[in-house]
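Protein chains get the first letters and strands the later ones, always in sequence-line order, with residue 1 at the start of each. Everything numeric in this text was worked out from a predicted model, so none of it was measured.
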Amino acid sequence: MRIATWNINSVRLRLDLLLKLIDEQAPDVVCLQETKVVDKDFPLAALAARGFVHAHVHGMKSYNGVAILSRRPLAACTVQHWCGKEDCRHVIATLPGGIELHSVYIPSGGDIPDPEQNPKFAHKLRFVDEMTEWLASHRSPDRAMVLVGDLNIAPLVNDVWNHKELLDVVSHTPIEVEKLGAMQSSIRWVDAVRHFVPETEKLYTWWSYRARDWDSSDRGRRLDHVWVTPPLTSALTGYKVLREARGWEPKPSDHVPVLVDIAE
DNA sequence: ATGGTAGCGTAGCTA
């Protein structure tokens, strides 16, 4: 089973690129973040025509929005709310075989890496804390689960283009890395992409729109992740970070799709 | 140190 995750930055604007991803990579399941559309306007018909007849979408006007799109049936579709908000950042569904799949969009956190000065950063930290506590108390490492999405944190030295320079930049600060580590430890999540790519190797999934030339400057960060619980680790058979998608015409997302293959 | 671009929706917020 091939699972893709992509922060698409508007599913309506980039529907053609989503169909391109589906046609070229043949995923069985696609998880999206930043769909930026209310549920009634989600372009489900075009996806159904490609065989993605099962969908769990949860969006709002203009901002955020997450989705799970699937060729296979989805069961137990639910929504999680964090920090007392209903801002469409987390959906859950169960795939055939009983694998519980999470599509998550952690808040970006604004610019100032200080929760006292910046409420967005405080929100981000609390969001991760709440998810960690929920996972620890409601889920077990024995259960087959996959968590994917834009976690908006690049935890490893080689998940960013310059570790020292980004230590005080939101997405790579020690407090965020520590909290994401606690979430990962909560039920022994395995980083499915670093399972294949050594930590010594640079790897990014996001390049800013503001760079003059994203490709040659290559100032990226690995913000998008795929995690699996221990029962699925030995079933991991491959991965792909679709760097080429950062150059897709006419208008690329600033994030690229990440794909993982899980043997059934 | 600063400002650079993008999407939504049509001003200003979010990233």
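Within the structure, every side-chain polar atom (N or O) of A/Lys251 is placed at least 4.0 Å from both OP1 and OP2 of B/dA6. OP1 or OP2 of B/dC8 has at least one side-chain nitrogen or oxygen of A/Ser10 nearer than 4.0 Å.
Using a 4.0 Å cut-off between charged nitrogen and carboxylate oxygen, A/Asp215 and A/Arg246 do not count as a salt-bridge pair. The pair A/Lys179-A/Asp129 meets the salt-bridge criterion, with a side-chain N (NZ, NE, NH1 or NH2) lying under 4.0 Å from an Asp/Glu carboxylate O.
Put simply, CE on A/Met60 is 19 Å from P on B/dG7, counting in whole angstrom units. B/dG3 atom P lies 13 Å from atom CZ of A/Arg212, rounded to whole Å. With rounding to whole Å, A/Arg219 atom CZ is found 16 Å from B/dT5 atom P. Spacing between atom CH2 of A/Trp206 and atom P of B/dT5 amounts to 14 Å, rounded to whole angstrom units. In this structure, A/Asp215 atom CG and B/dT5 atom C1' are separated by 17 Å, rounded to whole Å. Nucleotide B/dA6 holds its P atom 17 Å from the CH2 atom of A/Trp207, rounded to whole Å.
Not counting sequence neighbours, A/Tyr209 has no partner by the ring pair (Phe, Tyr, Trp, His ring centres under 6.0 Å) test. For A/His172, the ring pair (Phe, Tyr, Trp, His ring centres under 6.0 Å) partners are A/His163, not counting sequence neighbours.
Along DNA chain B, the nucleotide closest to A/Ser62 and the one closest to A/Ser208 are compared, and the more 5′ of them pairs with A/Ser208. Heavy-atom distances to DNA chain B give each of A/Ala211 and A/Thr35 a nearest nucleotide, and the one nearer the 5′ end belongs to A/Ala211.
Residue A/Asp213 places its CG atom among more than 12 non-hydrogen atoms of other residues, nucleotides or ligands, all under 6.0 Å distant.
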Exercise. Would you give a per-nucleotide map of nucleotides 10-15 of chain B, 5' to 3', where B means the base has a protein non-hydrogen atom under 4.0 Å away, S means only the sugar-phosphate does, and - means neither?
Key: ---BSB
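B/dA6 and B/dT2 have their P atoms separated by 23 Å, given to the nearest Å. Taking atom C1' on both B/dA1 and B/dG12, the two are 25 Å apart, rounded to the nearest angstrom. When the P atom is used for both B/dC8 and B/dG4, the distance is 22 Å, rounded to whole Å. B/dG3 and B/dG9: their C1' atoms are spaced 24 Å apart (whole Å).
Counting non-hydrogen atoms under 4.0 angstrom, A/Arg12 reaches the backbone sugars and phosphates but no base.
Separation of atoms CE (A/Met145) and CG (A/Leu95) is listed at 12.0 Å; rounding is to 0.5 Å. Remark: A/Leu223 CG to A/Asn7 CG distance equals 9.0 Å, nearest 0.5 Å.
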